[in-house]
Amino acid sequence: MLLTYYILSALFILASALPFIPHQHWIFRVPEIGRIQVMFLQLIAIMIGLLFVENKDLLFWISIGIHSIFIAHHLMLLIPYTPIYRKRVKDNVQKHSDTVSVISVNVYQFNEQYQNLVDLVLEVKPDILLTMESNQAWDDALTAIEKDYPNFKKVPLENTYGIHFYTRFEVKSIKVNYLISDDLPSIEASVITDDGFDFTFFGVHPPPPSPTEEDTSKERDGELLALGKKVLETKGATIVVGDFNNVAWAKSSILFRKTSELIDPRIGRGFVSTYHARYWVLRFPIDLFFHSTEIFIEDFKTLRNIGSDHLPLFSKFYINKTEDIQEDEVETLEKEEEQEVEEMIEDGIAEQSERPQVATE
């Protein structure tokens, strides 16, 4: 039992320590995504140790102390993304616009249950739909909704980075941006609601650092931070939605939030985890949403599984262009962080990807 305890403790402590190393290799960045699970594993390790280890020597108590320090650190990072964290009440903010609803979903390119998403869209009737990993087969299937969503931009790709945008609203413009690489499209749309309010929508899907995809997070981080700079130059109400392949508490997500000067609706609301759809124990909040101070969130949740490895993310919001109650939630970059952001964007652009044009499952 003692040997088993020390082996597990060493693994869990290592998983907690790796994110402190500021290297962009996936070995250091992936444990950052699983911080919730690692924290609970460390709690379990402490309980097992206290209950079943008989020889509680100095090394044992040192391991308990290290676990406790890391758990406290996890809690410090994670508590803001729970309802425990108190935010200023915004219930009485006047609605200047009608509510706007959005579904954002990574459909999983090899998922052939196309009708599940079509049925969900017809049932929920969102004002905007963003799909990621949508290839030509998904493009064909989604023609079923085009009569209700006449304004769209479709980029069907077979490399798992296809992206489709649909809206029933009038649009002033929709364009595709390639911020880091010519095979990583993102969406930028200038939208006008039925009651005449305009806002800018960005949809993004950068590649994840993982042993099966990109060795490092350079392209992901560069894409997000380049987008953050573009958002900062955008005037008026703005939202950014997509599969970030990153969690909100990760350093690059925080830098994105500061660069763009947007607000994370998960703060004070909950994790709203989206991936993996089939395994709730291994579920992480990697489909993110950020908004400007003119946007007020009314609903934010996941929807039912459509056969993908991601759950659809649903949000509902309205616009108020005069209320300043959310201004104090905006964070900005420190001087040294500005230089770091520029370097991460340059590294992302310089990274040479070897993604195949046609991905295989």
Side-chain angles (χ1 to χ4, degrees), residues 12 15-16 18-19 26 29-44 70-71 73-85 87 101-108 111 116-117 120 124 126 129-133 160 203-210 212-213 217 220 224 239-254 256-257 262-291 297-317:
F12 301 157
S16 291
L18 285 173
W26 67 264
R29 302 281 62 87
V30 168
E32 200 165 35
I33 292 174
R35 193 177 291 277
I36 300 170
Q37 287 79 3
V38 170
M39 181 185 70
F40 278 105
L41 288 172
Q42 290 191 276
L43 285 168
I44 292 169
F70 275 124
I71 288 169
H73 177 70
H74 294 320
L75 287 171
M76 182 180 68
L77 292 178
L78 295 175
I79 282 178
Y81 301 95
T82 70
I84 297 173
Y85 188 82
K87 296 177 68 174
S101 58
V102 178
I103 290 179
S104 168
V105 58
N106 182 321
V107 299
Y108 183 56
N111 170 25
N116 285 352
L117 178 58
L120 182 66
V124 177
L129 171 68
L130 178 74
T131 68
M132 291 146 289
E133 287 202 30
T160 72
V204 65
H205 180 210
S210 81
T212 59
E213 296 196 49
S217 66
R220 182 198 68 185
L224 293 177
I239 63 171
V240 179
V241 188
D243 174 6
F244 279 49
N245 279 309
N246 206 10
V247 285
W249 53 80
K251 181 179 180 179
S252 54
S253 287
I254 293 171
F256 167 81
R257 192 177 75 218
L262 297 181
I263 297 168
D264 183 352
R266 279 181 166 87
I267 294 176
R269 183 173 274 106
F271 295 125
V272 194
S273 297
T274 53
Y275 174 91
H276 196 286
R278 299 186 189 94
Y279 314 115
W280 67 268
V281 174
L282 297 174
R283 192 166 291 174
F284 317 108
I286 64 173
D287 294 272
L288 303 186
F289 183 109
F290 293 88
H291 64 89
I297 302 298
E298 196 170 85
D299 197 5
F300 192 73
K301 62 186 179 183
T302 57
L303 301 177
R304 68 172 180 266
N305 192 355
I306 62 161
S308 172
D309 50 358
H310 289 245
L311 295 172
L313 182 66
F314 175 82
S315 56
K316 184 184 290 186
F317 64 87

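A quick note: this is a predicted structure, and the numbers were derived from the prediction, not measured.
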Validation row: Leu313, Val105 side chains within 4.5 angstrom (heavy atoms): no
Any side-chain donor near an acceptor of the partner, Glu133 and His205, under 3.5 Å: no
Approximate separation, where rounding is to 0.5 Å, of Ile36 CD1 and Tyr81 OH: 11.0 Å
Whether His310 and Tyr275 hold their rings parallel, tilted or perpendicular, with breakpoints at 30° and 60°: tilted
Distance flag, aromatic centroids of Phe244 and Phe256, threshold under 6.0 Å: yes
From CG (Asp309) to CG (Asn111), nearest 0.5 Å: 8.5 Å
Euclidean distance, Asp287 CG relative to Thr274 OG1, rounded to 0.5 Å: 3.5 Å
Pairwise side-chain contact, Val124 with Ile103, heavy-atom cut-off 4.5 Å (strictly under): yes
pair Leu288-Ser253: side-chain heavy atoms closer than 4.5 Å: yes
Within-4.5 Å side-chain heavy-atom neighbours: Thr160 and Tyr108: no
Side-chain donor or acceptor of Arg266 paired with backbone N/O of Val272 under 3.5 Å: yes
Heavy-atom donor-acceptor pair, Tyr85 side chain to Ile267 backbone, under 3.5 Å: no
Step-by-step side-chain contact (heavy atoms from CB on, under 4.5 Å) determination, Val241 to Phe290: CA-CA 7 Å; Val241 188; Phe290 293 88; over 6 Å; no
Nearest-0.5 Å distance, CG of residue Asn246 to OG of residue Ser217: 8.0 Å
Check: Arg29 side chain, Pro19 main-chain N or O, donor-acceptor pair, under 3.5 Å: yes
Polar side-chain atom of Arg269 near backbone of Thr82 as donor-acceptor pair, under 3.5 Å: no
Near-ring test Phe314/Phe300, centroid separation under 6.0 angstrom: no
Tyr279/His276 aromatic ring centres below 6.0 Å: yes
Any side-chain heavy-atom pair of Ser16 and His73 under 4.5 Å: no
Side-chain (Gln37) to main-chain (Val281) donor-acceptor, under 3.5 angstrom: yes
Pro126 versus Ser101, closest heavy-atom pair with distance: CA-OG, 3.2 Å
Main-chain N/O of Glu32 paired with Trp249 side-chain donor or acceptor, under 3.5 Å: yes
Trp26 CH2 to Ile33 CD1 distance, which is reported to the nearest 0.5 Å: 11.5 Å
Sub-4.5 Å side-chain heavy-atom contact between Ile239 and His291: yes
Phe317 vs Asp299 side-chain heavy atoms within contact, under 4.5 Å: no
Pairwise distance CG(Asn106) to OG1(Thr131) - rounded to 0.5 angstrom: 9.0 Å
Pair Met39-Leu78, side-chain contact (heavy atoms from CB on, under 4.5 Å): steps then yes or no: CA-CA 10 Å; Met39 181 185 70; Leu78 295 175; 4.2 Å; yes
Any donor-acceptor N/O pair, Arg35 side chain to His74 backbone, under 3.5 Å: no
